[in-house]
**Student:** 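Structure incoming, see below.
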Amino acid sequence: MNNHHSSVIVGKASGSSRYDPVVHRPSVKVTGLGHYVPEKIVTNADLAELMDTNDEWIRTRTGICERRMADISQSTSDLAVEASKEALRSAGIGAQDIDLIVVSTITPDYYMPGIGVLIQDKLKAPPVMALDIRGQCAGFTWCLATADGYARLGGMKNILVVGADLQTRILDYSDAGRNTAVLFGDGAGALILRVDQDAQQLATVDNTVSGLIDHELGSDGSGCLSLYVKRPGMMAGKERFMTTQDMDERSTVPHMDGRQVFKHATLKMESLVRSLCKKHGITPDDIDVLIPHQANFRINEMVRGKLGLPHHKVVNVIDKYGNTTSATLPLCMAEAQKDGRLVRGKLVMTVAFGSGFSWGANLLRW
Ligand code: COA
């Protein structure tokens with residue numbers, strides 16, 4: 001590890017009280033973590049009763065043993081609100097203290113508006129901006145980076161970042177949909193980020209100050225058709241944004257070229273970790289806890305192996321929850337906090353890849 005980044009001192013616009021978001025980078029650190037998964041457990045054996053699949057195929061190809069399914073009385077925003085309440089409690093603040101909501105979902109309650117405003121309303125948070133991010137499985141990494149960026153605008157103390165998805169209502173539980181239906185589950189996770197405009201020191205890879213350090217994000221739209229839900233939408237050549245014919249043609253369920261996604265995910269997740277490490281003069285070995293997206297245990301094992309990391313440094317919860325899309329990273333954080341791996345001072349990297357293609361990684365000191 002080199003010392004290029006040791007003790008970054010927060011700058012103030014010299015000789016002027018004017019706020020300069022470039023010079024004046026605040027400290028942004030995690031002070032609260034919450035998660036929620038629905039009670040109902042759906043095992044691989046349960047799915048085998050609905051379609052031509054079996055426990056052995058699902059376990060060996062994906063590492064998934066079971067996933068959670070939301071109750072019919074629940075919407076995506078309800079899952080998000082449960083996780084948010086826990087995050088608020090653990091941060092020791094109330095909903096009235098929230099200054100910004102940033103949420104990732106690909107399964108909103110309504111086509112419009114997004115779920116940010118519903119979370120704001122259900123929590124009885126102040127009328128702050130509630131921003132939905134469409135980053136698919138990489139969405140939570142984009143939320144963290146977006147929150148970090150907005151923090152530089154000033155005037156904010158607490159930012160609620162949420163990832164929530166309710167996939168089980170969009171999946172095709174027939175033989176035709178078996179390559180995607182077995183992968184996904186429902187869940188939500190949330191973080192409270194505390195913004196300190198007057199911090200004397202920012203988090204770096206060389207000190208033990210808690211906070212977000214850096215992010216690397218990207219996308220490649222040429223991969224869109226490798227994993228997408230076609231309808232409803234405003235596609236050229238279609239007069240209505242959805243018809244009954246769309247249902248008959250299975251246009252409203254996810255379509256995935258699993259092998260393409262697998263190949264790109266392994267390559268991109270490894271290169272993201274390496275590139276963010278290189279930028280900060282560290283190696284993957286220096287990471288204490290790697291939190292990868294949970295799409296397939298084999299993807300995460302390949303990435304772990306290529307990076308040369310021991311098992312205990314890489315968090316996986318896919319066996320219990322499947323792929324919960326926007327919620328995988330905070331669900332992993334909750335698990336790692338529970339089992340003692342995630343404690344203050346640990347150097348953490350998240351890394352995710354998904355539909356779009358979209359990807360992201362966050363480097364932070366817990
Ligand atoms: N149960 C039993 N058999 C299944 C099945 C299921 N649920 N789903 C697919 N199969 C069959 C296929 O029909 C195929 O049969 P065939 O050889 O007779 O044609 C066979 O299994 C192999 O299918 P294939 O798609 O090549 O399997 P795979 O080894 O690539 O594994 C995935 C499939 C989906 C598990 C894997 O490609 C994957 O995880 N990809 C990445 C997915 C991902 O990351 N998605 C989310 C991104 S955020």
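When reading the values below, keep in mind they use all heavy atoms of this one structure, side chains included, and skip hydrogens, waters and symmetry mates. Counting starts at 1 for both ligands and their atoms, in listed order.
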**Student:** Using the side chain to side chain donor-acceptor pair (under 3.5 Å) criterion, which residues pair with Asn44? Sequence neighbours excluded.
**Tutor:** Asp55, Arg67
**Student:** What does the list of residues with a heavy atom under 4.0 Å from ligand 1 look like, ordered by chain and number?
**Tutor:** Asp52, Thr53, Trp57, Arg61, Thr62, Cys137, Arg178, Asn179, Val182, Leu227, Met256, Gly258, Arg259, Val261, Phe262, His293, Ala295, Asn296, Arg298, Ile299, Asn323, Phe353, Gly354
**Student:** Under a 3.5 Å threshold, yes or no: a donor from one side chain and an acceptor from the other, between Thr107 and Asp165?
**Tutor:** yes
**Student:** With rounding to the nearest 0.5 Å, note down the distance linking CD1 in Ile287 to CD1 in Ile282.
**Tutor:** 5.5 Å
**Student:** Give a yes or no on whether a salt bridge exists between Arg178 and Asp52, defined as a side-chain N under 4.0 angstrom from a carboxylate O.
**Tutor:** yes
**Student:** Between Arg341 (side chain only) and His312 (backbone N and O only), is there a donor and an acceptor less than 3.5 Å apart?
**Tutor:** yes
**Student:** Around atom CE of Met234, are there more than 12 heavy atoms from other residues, nucleotides or ligands closer than 6.0 Å?
**Tutor:** yes
